[in-house]
Number of protein chains: 4
Amino acid sequence: MPKIVDHGVRRDEVVAAATRIIMRDGIDAATTRAIAKEAGYSNGVLTHYFADKDEILVSALEASHRRITERLREKLAGRTGLDALREVLLDNVPLDDERVRETGLEVGFWGRSLASADLLEVQRREAADLRHLVVSLLQAAAEAGEIRSGEDLDDVAERLLALVDGLSVHRLLYPSRLTGGRLERLILREIDLLAA
Amino acid sequence: MPKIVDHGVRRDEVVAAATRIIMRDGIDAATTRAIAKEAGYSNGVLTHYFADKDEILVSALEASHRRITERLREKLAGRTGLDALREVLLDNVPLDDERVRETGLEVGFWGRSLASADLLEVQRREAADLRHLVVSLLQAAAEAGEIRSGEDLDDVAERLLALVDGLSVHRLLYPSRLTGGRLERLILREIDLLAA
Amino acid sequence: MPKIVDHGVRRDEVVAAATRIIMRDGIDAATTRAIAKEAGYSNGVLTHYFADKDEILVSALEASHRRITERLREKLAGRTGLDALREVLLDNVPLDDERVRETGLEVGFWGRSLASADLLEVQRREAADLRHLVVSLLQAAAEAGEIRSGEDLDDVAERLLALVDGLSVHRLLYPSRLTGGRLERLILREIDLLAA
Amino acid sequence: MPKIVDHGVRRDEVVAAATRIIMRDGIDAATTRAIAKEAGYSNGVLTHYFADKDEILVSALEASHRRITERLREKLAGRTGLDALREVLLDNVPLDDERVRETGLEVGFWGRSLASADLLEVQRREAADLRHLVVSLLQAAAEAGEIRSGEDLDDVAERLLALVDGLSVHRLLYPSRLTGGRLERLILREIDLLAA
DNA sequence: CATGAATGAGTGTTCATTCAT
DNA sequence: TATGAATGAACACTCATTCAT
């Protein structure tokens with residue numbers, strides 16, 4: 001009987017290796033050789049588990065989003081409306097090392113996505129999920145009377161999500177100017193203003 | 001008699017060529033050969049004016065920022081306070097083709113900057129200028145009584161700049177969701193709220 | 001109790017799989033993985049029955065010749081002389097799909113044989129059989145008075161076999177110029193001229 | 001002033017190197033690295049003179065045909081009809097080392113052409129030229145009364161060309177059986193029979 | 001025997017860089 | 001200065017082969 005390997009496990013190993021490289025050295029450093037080496041395998045292994053490099057990158061992006069979603073699901077348990085929304089936004093911002101790495105990966109993918117239809121489609125599909133979550137939380141908050149009337153909830157969602165991404169990339173690029181504390185304060189302020 | 005060449009002029013030509021390529025075909029298409037060809041020179045010239053390709057890219061980023069600054073300076077002539085601030089923000093957002101290309105270039109550099117100390121330093125230096133401009137316009141507006149009291153102007157500046165970058169990248173990644181009209185409306189709304 | 005496997009049967013299965021691939025997708029598509037998969041086995045099995053890939057290819061060539069020989073034997077039952085010869089020649093020419101595939105395989109091997117002593121030896125050994133058959137049919141025809149006198153039968157055989165191979169490759173390379181009808185006519189004409 | 005290289009010359013060098021390899025070791029041995037090495041350059045040079053490997057192979061095939069055509073043109077000077085035809089056929093058959101190598105190259109390309117639309121098109125285009133030459137020589141011979149009446153000249157051309165290719169590949173594969181002498185005799189005989 | 005995971009050399013191709021002219 | 005020929009390492013990807021299980 002040969003050594004039986006769970007393909008899913010091997011794929012996860014490779015994707016994790018790719019993710020580590022992207023987070024550590026940038027997306028351009030994620031060559032197939034580097035990924036294989038980081039995973040502790042030879043070049044050839046990748047062939048058995050992925051059609052090509054793009055599939056690895058896409059998987060890395062999806063895996064990152066899946067991790068974020070999972071983390072969110074736990075945090076959101078028992079929360080609704082603005083309370084839940086606050087958690088969502090804070091969770092999507094680089095306030096600890098893990099999130100800093102996640103944001104770095106995400107920003108690296110932004111540039112790639114603008115040049116790759118495949119990646120762009122993944123990016124869009126997954127961004128839609130987060131947007132739906134934010135909109136539905138806003139609606140729940142509105143129905144619960146937590147939000148002052150007269151707001152276009154779609155606009156609000158758009159603004160919050162853009163603010164989260166903008167602050168995230170600024171936190172990475174200009175950490176001394178946009179400290180963690182200020183970042184958190186700005187996010188919280190935004191939620192409070194919705195209620196005001 | 002050696003040929004006298006204005007180094008600055010040559011550098012500008014090459015950087016302009018690199019910028020055209022990055023905006024047209026993406027940063028990955030900006031190979032040294034492509035840049036030299038676009039500039040109308042041979043491969044070898046680049047050596048005389050730039051230490052390596054990275055120096056060209058850095059210069060292209062600087063030049064883009066310089067162009068934006070110049071454009072702003074013209075638009076700001078005769079304007080002050082919130083009126084000027086409105087122009088600054090609208091000018092930094094991809095509402096026409098030129099700005100879409102500029103934003104694409106910028107987003108491409110974000111990813112690179114996170115993996116390159118050189119680029120990161122350029123990015124920071126130049127971002128500081130824009131921030132100073134915004135802060136000083138906010139202060140002028142505050143002194144002119146255009147802004148409701150109680151606002152931390154540094155926080156406001158941070159929020160506006162993050163929003164501009166966040167909306168910009170979203171406009172590129174999710175154009176059907178964040179239309180030009182909505183983008184403009186969100187920016188204008190932000191200014192109005194400062195006054196409210 | 002070890003599993004008892006008929007090596008010959010396994011080899012035949014693998015060779016048949018290789019042949020199908022070569023005929024369907026060309027000799028370059030006949031990778032070891034593709035052959036194993038086509039045969040319904042894992043990659044590793046090939047090791048037990050063949051020293052290396054070349055041995056599989058050689059076997060495929062031999063098997064193809066054996067199939068042709070067998071088919072001929074059936075067709076030749078009850079025939080002799082020029083009548084039998086006509087069948088032999090027509091059978092060796094790509095007039096239907098099966099023969100087109102056979103010819104494609106053969107032409108692919110010609111090129112390889114010129115660079116591989118092993119293949120060349122197989123090629124020669126098997127070509128000798130066909131030649132002997134043609135010569136003996138010619139001799140029978142001559143003894144039966146079917147062929148006009150004065151012909152060097154070795155030369156005739158050589159000419160007929162060369163013509164068959166030449167027309168075969170031309171039929172594949174220039175199908176619109178050398179139609180099936182013309183090919184058949186040319187072959188039949190050749191036989192008729194022997195008698196004339 | 002830089003070293004100026006005649007691109008045509010460099011291309012010819014590379015094509016000649018590729019041709020030598022194909023003739024010596026077979027078309028599968030003609031890797032880009034092997035070609036560059038044989039030409040005395042590094043891998044990278046090929047890029048400057050050829051779009052890709054296929055262009056080198058196509059050029060090698062065309063160059064071989066051009067050499068043959070040129071050689072023919074010289075031999076045909078002052079000849080017409082069957083006399084010229086005899087030269088054409090003898091010239092297209094591996095009777096000396098140079099022609100043996102040429103035939104080896106040609107046979108290697110046959111296999112490739114069956115799997116590559118590009119090569120097939122080159123093959124067909126160039127084969128058409130030779131066929132036109134043969135047909136026109138046959139027509140001239142017919143008009144001069146050198147050929148017995150009642151022959152379909154297209155069929156004759158087809159038969160002669162197939163015979164030439166068939167005998168050529170047999171001479172390479174089975175040299176001891178089809179000697180140079182017999183090959184020449186068979187060709188000459190064919191011409192004589194046209195007149196008979 | 002059979003499996004299939006793993007290897008690593010090899011493929012065509014790209015490209016920043018060097019340097020003689 | 002400017003040229004452009006040349007380099008050689010790197011890229012993603014392929015594949016015959018090995019071997020522990």
Side-chain angles (χ1 to χ4, degrees), chain A residues 1-7 10 28 30-36 39-57, chain B residues 1-7 10 28-37 41-56, chain C residues 1-7 10 28-37 40-57, chain D residues 1-7 10 28 30-36 39-57:
Chain A
M1 262 188 305
K3 180 165 50 171
I4 295 297
V5 170
D6 183 329
H7 272 233
R10 204 50 104 241
D28 288 332
T31 67
T32 53
R33 280 173 163 70
I35 293 171
Y41 295 104
S42 65
N43 300 323
V45 228
L46 304 191
T47 287
H48 299 303
Y49 303 102
F50 297 89
D52 55 18
K53 181 184 158 176
D54 242 55
E55 197 180 307
I56 302 178
L57 293 185
Chain B
M1 252 193 323
K3 180 155 37 168
I4 297 301
V5 171
D6 185 327
H7 267 239
R10 270 290 184 288
D28 286 336
T31 66
T32 54
R33 301 180 94 82
I35 294 170
K37 188 177 179 186
Y41 294 105
S42 64
N43 301 321
V45 240
L46 304 191
T47 288
H48 297 298
Y49 302 102
F50 299 89
D52 56 17
K53 183 184 157 177
D54 242 56
E55 197 180 306
I56 302 180
Chain C
M1 254 194 320
K3 184 159 24 172
I4 296 301
V5 171
D6 184 329
H7 268 239
R10 271 287 186 287
D28 286 336
T31 66
T32 53
R33 303 180 93 80
I35 294 170
K37 188 177 179 186
Y41 294 105
S42 63
N43 301 319
V45 239
L46 304 191
T47 288
H48 298 299
Y49 302 103
F50 299 90
D52 56 17
K53 183 183 159 178
D54 244 55
E55 196 179 307
I56 302 179
L57 293 185
Chain D
M1 263 186 305
K3 178 165 52 170
I4 294 297
V5 169
D6 183 327
H7 271 233
R10 204 47 106 243
D28 287 332
T31 66
T32 52
R33 279 170 169 73
I35 294 170
Y41 296 103
S42 65
N43 298 324
V45 230
L46 304 191
T47 287
H48 299 302
Y49 303 102
F50 298 90
D52 56 18
K53 182 185 157 176
D54 242 54
E55 197 180 306
I56 301 179
L57 292 186

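In the text below, chain A, chain B and the rest are named by the order of the sequence lines, each starting its count at 1. A quick note: this is a predicted structure, and the numbers were derived from the prediction, not measured.
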(message) Return whichever of C:Leu46 or B:Asp28 has its heavy-atom-nearest nucleotide of DNA chain E closer to the 5' end.
(response)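 Nearer the 5' end of the strand: C:Leu46.
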(request) Starting from the 5' end of DNA chain E, give me the residue, C:Gly40 or D:Thr32, whose nearest nucleotide shows up first. (result)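 The 5'-side residue here is C:Gly40.
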(message) Under 3.5 Å for both donor-acceptor distances, Watson-Crick or wobble: does E:dC15 have a partner, and if so which one?
(response)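 Paired with F:dG8.
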(request) Name the pairing partner of E:dT21, where a pair is Watson-Crick or G-U wobble with both distances under 3.5 Å, or state none. (result)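 E:dT21 is paired with F:dA2.
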(message) Pick the closest DNA chain F nucleotide for D:Ser42 and for B:Ser42 by heavy atoms, then say which residue is nearer the 5' end.
(response)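 Mapping each residue to its closest nucleotide by heavy atoms, the 5'-most match is B:Ser42.
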(request) Assign each of D:Tyr49 and C:Gly44 to its nearest nucleotide of DNA chain F by heavy atoms, then name whichever residue's nucleotide is nearer the 5' end. (result)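 Its nearest nucleotide lies further toward 5', so the answer is D:Tyr49.
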(request) For the residue pair D:Val5 and D:Tyr49, establish whether any side-chain heavy-atom pair is separated by less than 4.5 Å. (result)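 Side-chain contact under 4.5 Å: yes.
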In whole angstrom, what separates [X]'s [atom1] from [N]'s [atom2]?
X	N	atom1	atom2	value
C:Lys37	E:dA5	NZ	P	14 Å
C:Asp52	F:dA16	CG	C1'	9 Å
A:His48	E:dT3	NE2	P	16 Å
B:Ile56	E:dC15	CD1	C1'	13 Å
C:Glu55	F:dA16	CD	C1'	14 Å
A:Asp54	F:dC11	CG	P	16 Å
D:Lys53	E:dT11	NZ	C1'	8 Å
D:Asn43	E:dG12	CG	C1'	10 Å

(message) For B:Ala29 versus B:Ala34, what's the shortest heavy-atom pair and its separation?
(response)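 The answer is O-CB, 3.7 Å.
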(message) Would the distance check show the side chain of D:Asp52 and the main-chain N or O of D:Glu55 forming a donor-acceptor pair, the cut-off being under 3.5 Å?
(response)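 Here the side-chain-to-backbone pair exists.
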(request) Drop me the distance from B:Arg10's CZ to B:Leu46's CG, to the nearest 0.5 angstrom. (result)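 CG of B:Leu46 is found 11.5 Å from CZ of B:Arg10.
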(request) Rounded to the nearest 0.5 Å, what's the gap from NZ on C:Lys53 to OG1 on C:Thr31? Could you check? (result)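 If I round to the nearest 0.5 Å, the distance is 6.5 Å.
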(message) Just to be sure I understand the rule, does D:Thr31 reach a base, reach only the sugar-phosphate, or reach nothing, if contact means heavy atoms closer than 4.0 Å?
(response)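 Touches sugar-phosphate only.
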(message) For a quick test of reading the model: is some side-chain N or O of C:Arg33 closer than 4.0 Å to OP1 or OP2 of E:dG4?
(response)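 Checking C:Arg33 against E:dG4: no side-chain N or O falls below 4.0 Å of OP1 or OP2.
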(message) Please confirm whether the shortest side-chain N or O distance from D:His7 to OP1 or OP2 of F:dA5 is below 4.0 Å.
(response)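 Yes, D:His7 has a side-chain N/O under 4.0 Å of OP1/OP2 on F:dA5.
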